[in-house]
Protein chains: 2
Amino acid sequence: MAVHVLAVLAYKEGDRVTSAFLAGSVNTNPVIIRRLLLSLQQARLVDTCKGAGSGSRLNRSPGRINLAEVYRAVEEAEPFGTPARKPNTACPVGHCIRKELDRIFASAWKAMEQDLEKTSLADVITAVKASGACTPKKVV
Amino acid sequence: MAVHVLAVLAYKEGDRVTSAFLAGSVNTNPVIIRRLLLSLQQARLVDTCKGAGSGSRLNRSPGRINLAEVYRAVEEAEPFGTPARKPNTACPVGHCIRKELDRIFASAWKAMEQDLEKTSLADVITAVKASGACTPKKVV
DNA sequence: TAATAAGTAACCGCAGAGATTACATCTGTC
DNA sequence: GACAGATGTAATCTCTGCGGTTACTTATTA
């Protein structure tokens, strides 16, 4: 959803876009978009203004925003769930495995992050525009 | 949790272990463990028998089981959530972005998988045993 | 035959994410 | 200054998934 929103902002090339408009593209509620934009603002990816006739726009050029940044801005948790209950510390495996799993998962997450870094928002836009030939319908 | 269970099985080196015992180490309910074991059975990672005095054991040596297999056995879904609502197809971005995101996420997931493949269950056991020196308490 | 342990169904509770409504706050324009 | 347009934000609802629990069935071994 975050990538979708940023892609629309990139598509509009610096014009300010309202949360209502973005919600229309993602097909959701403006409030959901605003909550998402708050995260993106904290990550300095977008610039949002209140007031009549304003809205949000990208804070950097699409070529200088990669998807790893977007992921970090939106998903604070790692994709691996940490169980609520602590393992049984009386068991030698249970006592030590969490630390080891943390190491392994951090490494796996880093590998994924490095892959996401290879793709910029500009790449996404380029691909969307290229495959966009299939639908000449233009509403924006 | 799956790695934890498999680690205990590897720790017991071929002995059959009951779901009740595994539940004790993970600190959860035997039924949860059994449900997990069903997935691991389908992936041919463990071998489970019913009846008195039986239980589960590894189907392969720990050195020949890598964590990517474990992840695939347990998590059928990718770590990237797919929104329930379809994007607005009237928007040029909304219409084409899903296909593009699928490509990107598949690549990122593959990068993570390749990293997980580097670690075998034997590696986990070795690390656990090494750091296990901190707690001489032995209940198993 | 009895004890043991997995298979499995049914249900509860909790947490997270999106959806919705309502209201406060800020800002540009008239 | 008033008003309209837009964000910020809280409260609540629903839905889904996961773990937890109980209870019962089935299979195997002693």
Side-chain angles (χ1 to χ4, degrees), chain A residues 1-5 8-9 12 15-43 45-59 71 73-88 94, chain B residues 1-5 8-9 12 15-42 45-59 71 73-88 94 98:
Chain A
M1 224 169 93
V3 179
H4 187 152
V5 165
V8 173
L9 292 180
K12 306 284 276 186
D15 291 358
R16 291 205 176 271
V17 182
T18 69
S19 62
F21 182 91
L22 293 168
S25 173
V26 181
N27 196 20
T28 183
N29 196 288
V31 176
I32 306 295
I33 298 296
R34 283 181 216 143
R35 288 205 278 243
L36 177 60
L37 286 172
L38 289 180
S39 300
L40 297 177
Q41 283 169 47
Q42 289 180 344
L45 293 178
V46 302
D47 163 38
T48 301
C49 282
K50 286 183 173 183
S54 51
S56 301
R57 69 182 175 195
L58 291 185
N59 217 351
Y71 194 110
V74 172
E75 305 281 353
E76 67 287 352
E78 296 187 3
F80 303 97
T82 308
R85 291 202 182 189
K86 302 292 176 198
N88 181 356
Chain B
M1 223 170 93
V3 178
H4 187 153
V5 164
V8 173
L9 291 180
K12 306 285 276 184
D15 291 357
R16 291 205 176 273
V17 182
T18 69
S19 62
F21 183 90
L22 293 168
S25 174
V26 182
N27 196 20
T28 183
N29 196 287
V31 176
I32 306 296
I33 298 295
R34 286 183 213 140
R35 288 204 278 241
L36 177 60
L37 286 171
L38 290 180
S39 300
L40 297 177
Q41 284 169 46
Q42 289 179 345
L45 293 179
V46 301
D47 163 38
T48 302
C49 281
K50 286 183 174 183
S54 54
S56 302
R57 69 182 173 195
L58 291 184
N59 218 354
Y71 194 110
V74 172
E75 305 281 354
E76 68 287 353
E78 296 188 2
F80 302 98
T82 308
R85 291 202 183 188
K86 303 292 176 198
N88 181 357
R98 179 128 320 277

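Note on naming: letters A, B, ... go to the chains in the order of the sequence lines (proteins, then strands), and numbering restarts at 1 for each one. In this text the structure is predicted, and so the values were computed from the model without any measurement.
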_Leading and trailing nucleotides of DNA chain D with any atom under 4.0 Å from heavy atoms of chain A_ =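 Nucleotide range with atoms under 4.0 Å of chain A: D:dG5 to D:dT21.
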*Give the minimum heavy-atom separation between A:P30 and A:A20, together with the two atoms involved.*
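Closest approach of A:P30 to A:A20: CG-CA, 4.1 Å.
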*For A:T18 and A:S54, which heavy atoms make the closest approach, and how far apart are they?*
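Of all heavy-atom pairs spanning A:T18 and A:S54, the closest is CG2-O, 3.6 Å.
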Rounded to whole angstroms, how far apart are [atom1] on [X] and [atom2] on [N]?
| X | N | atom1 | atom2 | answer |
| --- | --- | --- | --- | --- |
| B:L40 | C:dG7 | CG | P | 11 Å |
| A:N27 | C:dT20 | CG | C1' | 14 Å |
| B:I32 | C:dC14 | CD1 | C1' | 13 Å |
| A:H4 | C:dG18 | NE2 | P | 14 Å |
| B:R85 | C:dA17 | CZ | C1' | 13 Å |
| A:L37 | C:dG18 | CG | P | 13 Å |

_Sugar-phosphate, base or nothing in reach of A:E75, heavy atoms under 4.0 Å_ =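 The residue A:E75 makes no contact with any strand.
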*Can you name the residues that form a side-chain contact (heavy atoms from CB on, under 4.5 Å) with A:N29, not counting sequence neighbours?*
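A:N29: side-chain contact (heavy atoms from CB on, under 4.5 Å) contacts with A:V31, A:I32.
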_Partners passing side-chain contact (heavy atoms from CB on, under 4.5 Å) against B:T48 (at least two apart in sequence or in another chain)_ =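 In terms of side-chain contact (heavy atoms from CB on, under 4.5 Å), with neighbours along the sequence ignored, B:T48 is linked to B:Q41, B:V46, B:S56.
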*Output yes when a side-chain donor or acceptor of B:N88 lies under 3.5 Å from a complementary backbone atom of B:G94, and no otherwise.*
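Flag not set: sc B:N88 to bb B:G94 has no pair under 3.5 Å.
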*Looking only at atom types and distance, does a side-chain atom of B:R16 sit under 3.5 Å from a main-chain N or O of B:D47, one as donor and one as acceptor?*
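Indeed, once roles are kept as given, a pair shorter than 3.5 Å links the two residues.
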Protein and nucleotides 8-11 of chain C: nitrogen or oxygen contacts under 3.5 angstrom:
unit_1: C:dA10; atom_1: N6; unit_2: B:R35; atom_2: NH1; d: 3.4

*Go through residues 47-56 of chain A and report each residue with a non-hydrogen atom lying under 4.0 Å from DNA chain C, sorted by number.*
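Output list: A:K50, A:G51, A:A52.
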Using residues 33-40 of chain B as the side-chain source, report each donor-acceptor pair under 3.5 Å to any protein atom, sequence neighbours left out, with the distance given to one decimal.
unit_1: B:R34; atom_1: NE; unit_2: B:S19; atom_2: OG; d: 3.1

_Distance (rounded to the nearest 0.5 Å) between B:R98 CZ and A:H4 NE2_ =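 The NE2 atom of A:H4 is 8.5 Å from CZ of B:R98, to the nearest 0.5 Å.
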_Derivation and outcome, side-chain contact (heavy atoms from CB on, under 4.5 Å), residues B:L22 and B:L9_ = CA-CA 8 Å; B:L22 293 168; B:L9 291 180; 4.2 Å; yes
